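Just below is one structure, and these are the notes that go with it.
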Amino acid sequence: MTMQIFEKILPIKDHISGLKKEGRTIGFVPTMGALHDGHISLIDKARKENDIVVSSIFINPIQFNDKSDFEKYPRTIEPDKEKLEKANCDILFAPSNEEMYPEPDNSEFEFGNLDKVMEGKFRPGHFKGVAIVVKKLLKIIEPHRAYFGEKDYQQLLIIKKLTNILNLPAQIIGCPIVRESDGLAMSSRNARLSKEERESAVKVSQVLLKTKQLKGKMSVEEMKMFVENEIKKIPLIKPEYLEIADSTTLFPVKNWHNSEDTMAFIAFYAGKIRLIDNMRF
Ligand code: PAF
């Protein structure tokens, strides 16, 4: 069956409510386009767990704290549609800015520590913009389940909290990072890396992988210093933050015994391109 494409809210809401009345379950994969295998893994999971798969492509202007990042964000709608069709996505929602924001939305949410650290600290306003658009999308699509990649792990925790705050019924499902064969976490921004920048970026993921094997041999502080020193040696890489934090609260972990599940989070520039990665330690 060919994928149905909707650009307007009312027709897609009507269509999905009809499907739900027939008893079909809806799985939703929101995206900003520039689709890669990481996104397709979310579609595949939604495909397995639901009768109908809906995806959205909307480059949400209010979540970009840096105007030039928004302007340079890859826009690849035609190949994206083909990839979604190939992955058996049933419905695509591709609204305009005017459709999503007929009026400015200034909603504020209280996420506690979750939006104060890491991406929240270095990208002011970013999570506010993400929360507003995800709230709108979940209210439009009203899925049974919505799928988000763990590469944006902090975003995933914030979206889980958002659905609790708003009592939205959608189950939020996190899916593992998909990596290139050399270890680089897939990201729409990878398309903008030069050959040299990409070579350097992959080394950051490799440092994290190598360090993970050393857990048990070092204290948290030693491990952090080890990663920082290894990363200093990589050309073209400027780290923005490196945190070793608890996977539920995102508070920094000082001692392995104080956290049941510890993760390393990093943001860095490869040349001018800002990337993030994380790994369970
Ligand atoms: O992760 C993304 O692609 C975006 O932040 C999302 C969740 C689609 C909201 O614009």
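All values derive from a computational prediction rather than experimental measurement. As a basis for the values below, the full set of heavy atoms in this structure was taken, side chains included, without hydrogen atoms, waters or symmetry mates. In each ligand, atom 1 is the first atom listed, and ligand 1 is the first ligand listed. Quick note: residue numbers are just sequence positions, from 1.
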Item to check | Parallel, tilted or perpendicular, as decided by the 30° and 60° cut-offs, for the rings of F58 and Y101 | outcome: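 Tilted: the ring planes of Y101 and F58 meet at 30° to 60°.
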
Checklist entry - Which ligand 1 atoms does Q63 reach within 4.0 Å, using its non-hydrogen atoms? => result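 Near Q63, meaning under 4.0 Å from one of its heavy atoms, ligand 1 has 4 (C), 5 (O), 9 (C), 10 (O).
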
Checklist entry - Numbering the atoms of ligand 1 from 1, which are under 4.0 Å from a heavy atom of V133? => result 9 (C), 10 (O)

Next on the checklist: Determine whether K72 and I273 satisfy the following criterion, side chain to side chain contact (heavy atoms under 4.5 Å, CB included), listing intermediate values before the conclusion.
Outcome noted: CA-CA 10 Å; K72 291 194 183 121; I273 313 300; over 6 Å; no

Next on the checklist: Give me the residue, atom name and distance of the protein heavy atom closest to atom 1 (O) of ligand 1.
Outcome noted: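 Going atom by atom, the protein heavy atom closest to atom 1 (O) of ligand 1 ends up being Q155 NE2, 2.8 Å.
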
Checklist entry - Counting heavy atoms only, which part of T31 comes closer than 4.0 Å to ligand 1: side chain, backbone, both or neither? => result backbone

Checklist entry - If you measure from the Lys or Arg side-chain nitrogens to the Asp or Glu carboxylate oxygens, is any gap between K203 and E230 under 4.0 Å? => result no

Next on the checklist: Which heavy atom of E197 sits nearest to which heavy atom of S194, and what is that distance?
Outcome noted: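 So the minimum-distance heavy-atom pair works out to OE1-N, 2.9 Å.
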
